[in-house]
2 protein chains.
Amino acid sequence: MKNPIGALNKIFDSRIRLGVMSILIVNDSISFNELKQMLELTDGNLASHLNTLEQAEYLKVQKSFIGKKTNTTYILTDLGRQAFKTHLDALEKMIKSL
Amino acid sequence: MKNPIGALNKIFDSRIRLGVMSILIVNDSISFNELKQMLELTDGNLASHLNTLEQAEYLKVQKSFIGKKTNTTYILTDLGRQAFKTHLDALEKMIKSL
DNA sequence: TCATTTAACTTTGAAAAACAAAGTACTTTT
DNA sequence: AAAAGTACTTTGTTTTTCAAAGTTAAATGA
């Protein structure tokens, strides 16, 4: 029998990164502040998890202005979308198919 | 909007403990060595994760003999089964219902 | 019977990850 | 001019993870 946890993506072990991904999968783009409020995190904590996801190229940052106020939003990359889907499939398989 | 990760169980953030639970949910009882092989872990690592689950009263240890050889098996408690189910529900909700 | 092996741990220590808090740079609002 | 907001980075502590080695007890092999 194959190791059932081997197919899980280490990046998504973190509940916070899981949360970010699951929000981004249904919201085309979302701002730093919205994420911060939704996940109830400090700036630093959120920023570092976003950075991990960005390093993995699972999401991209978009800097824009709303009026004259800076606004940073995040969107998934195709790679991110695919990695997340693969992870969820692995999870489901692990739980159902033993 | 409610924090979507708040309902996740911290104990199941660990892929290893997740793996143990998902094995135990479909196998009434399973031995230390079977778990070790299935999850490809060192003794110490597995023992400590099992200990975490036992502390949480999510599983129980059963010591018995096979012939004259000691055999340690693990089974879920009702609490464990329920906690796992709740966690999976929360996961599903998080992913689907945003 | 002495040595080795296996099972199931515990202990130790190191590395990695998570996190809060404070600091920063820039802008906007008051 | 002062205060507040955005989106960070840096620092340092705490927590978690894990491998490796040591432990105990029993079983098996020579």
Side-chain angles (χ1 to χ4, degrees), chain A residues 3-6 8-24 27 29-56 58-75 83 87, chain B residues 3-6 8-24 27 29-56 58-75 83 87:
Chain A
N3 177 348
I5 64 183
L8 297 175
N9 188 331
K10 283 224 168 104
I11 288 186
F12 303 136
D13 278 1
S14 151
R15 72 218 272 90
I16 291 176
R17 292 192 295 268
L18 243 187
V20 170
M21 293 300 288
S22 71
I23 288 169
L24 278 177
N27 294 90
S29 100
I30 197 144
S31 72
F32 187 88
N33 268 322
E34 284 171 310
L35 282 174
K36 195 175 92 175
Q37 282 157 26
M38 288 169 94
L39 301 173
E40 296 172 21
L41 300 172
T42 56
D43 288 8
N45 196 7
L46 175 56
S48 78
H49 284 289
L50 287 172
N51 190 52
T52 299
L53 290 170
E54 203 190 341
Q55 293 302 102
Y58 288 175
L59 54 77
K60 263 186 315 200
V61 184
Q62 282 181 323
K63 307 246 180 198
S64 62
F65 290 87
I66 292 183
K68 287 196 177 165
K69 219 160 147 184
T70 71
N71 190 58
T72 307
T73 58
Y74 300 88
I75 60 171
H87 178 77
Chain B
N3 178 347
I5 65 184
L8 297 176
N9 188 330
K10 282 224 170 104
I11 288 186
F12 304 136
D13 278 1
S14 151
R15 72 217 273 85
I16 292 177
R17 293 192 294 269
L18 242 187
V20 169
M21 292 300 288
S22 71
I23 288 169
L24 278 177
N27 296 88
S29 101
I30 197 144
S31 72
F32 186 88
N33 268 320
E34 285 170 310
L35 282 174
K36 197 175 90 178
Q37 282 155 27
M38 289 169 93
L39 300 174
E40 297 171 22
L41 300 172
T42 56
D43 288 7
N45 196 7
L46 175 56
S48 78
H49 283 290
L50 287 172
N51 190 52
T52 299
L53 290 170
E54 204 190 341
Q55 293 301 103
Y58 287 175
L59 55 76
K60 262 184 316 200
V61 183
Q62 280 182 322
K63 307 245 181 200
S64 62
F65 291 87
I66 292 184
K68 285 192 178 171
K69 219 160 145 186
T70 70
N71 191 58
T72 308
T73 59
Y74 301 87
I75 59 170
H87 178 77

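Order of the sequence lines fixes the chain letters, A, B, ..., with proteins taken first and strands second; residue numbering starts at 1 for each chain. On a predicted model such as this, the values are computed, not experimentally measured, just so you know.
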Short side-chain N/O contact to [N] OP1/OP2 from [X], under 4.0 Å:
X: A/His49; N: C/dC19; value: yes
X: A/Tyr74; N: D/dC8; value: yes
X: B/Lys63; N: C/dC9; value: yes
X: A/Arg17; N: C/dA18; value: yes
X: B/Asn51; N: C/dC9; value: no
X: A/Asn45; N: C/dA18; value: no
X: B/Asn33; N: C/dA8; value: yes

To the nearest Å, give me how far apart [atom1] ([X]) and [atom2] ([N]) are.
X: A/Leu18; N: C/dA18; atom1: CG; atom2: C1'; result: 15 Å
X: B/Gln37; N: C/dA8; atom1: CD; atom2: C1'; result: 14 Å
X: B/Phe32; N: D/dA26; atom1: CZ; atom2: C1'; result: 17 Å
X: A/Leu50; N: D/dT9; atom1: CG; atom2: C1'; result: 14 Å
X: A/Glu54; N: D/dC8; atom1: CD; atom2: C1'; result: 12 Å
X: A/Asn71; N: D/dC8; atom1: CG; atom2: P; result: 10 Å
X: A/Leu39; N: C/dC19; atom1: CG; atom2: C1'; result: 15 Å
X: B/Lys36; N: D/dA20; atom1: NZ; atom2: C1'; result: 13 Å

Can you confirm whether [X] sits close enough to [Y] that some side-chain heavy atom of one is under 4.5 Å from a side-chain heavy atom of the other?
X: A/Tyr58; Y: A/Thr52; result: no
X: A/Phe12; Y: A/Leu53; result: yes
X: B/Ile30; Y: B/Met38; result: yes

For B/Leu39 and B/Ile16, which heavy atoms make the closest approach, and how far apart are they? CD1-O, 4.3 Å
Do you know the tightest heavy-atom contact between B/Pro4 and A/Ile23? CG-CD1, 4.2 Å
What nucleotide, of C/dA18, D/dT17, C/dC9, holds the atom closest to the side chain of A/Ser14? C/dA18
What's the closest nucleotide to the side chain of B/Ala47 if the choices are D/dA19, C/dT10, C/dA8? C/dT10
For [X], answer base if it contacts any base atom (sugar-phosphate contacts may also be present), sugar-phosphate if it contacts only those atoms, and nothing otherwise; contact means non-hydrogen atoms under 4.0 Å.
X: A/Asp43; result: base
X: A/Lys10; result: nothing
X: B/Leu46; result: nothing

Looking at B/Leu8, is its backbone amide N or carbonyl O close enough to the side chain of A/Arg15 to form a donor-acceptor pair, meaning the two atoms are under 3.5 Å apart? yes
Comparing A/Thr42 with B/Thr73, nearest DNA chain C nucleotide closer to 5' gives the residue B/Thr73
Does B/Thr72 or A/Asp13 map to a spot on DNA chain C nearer the 5' end, using the closest nucleotide for each? B/Thr72
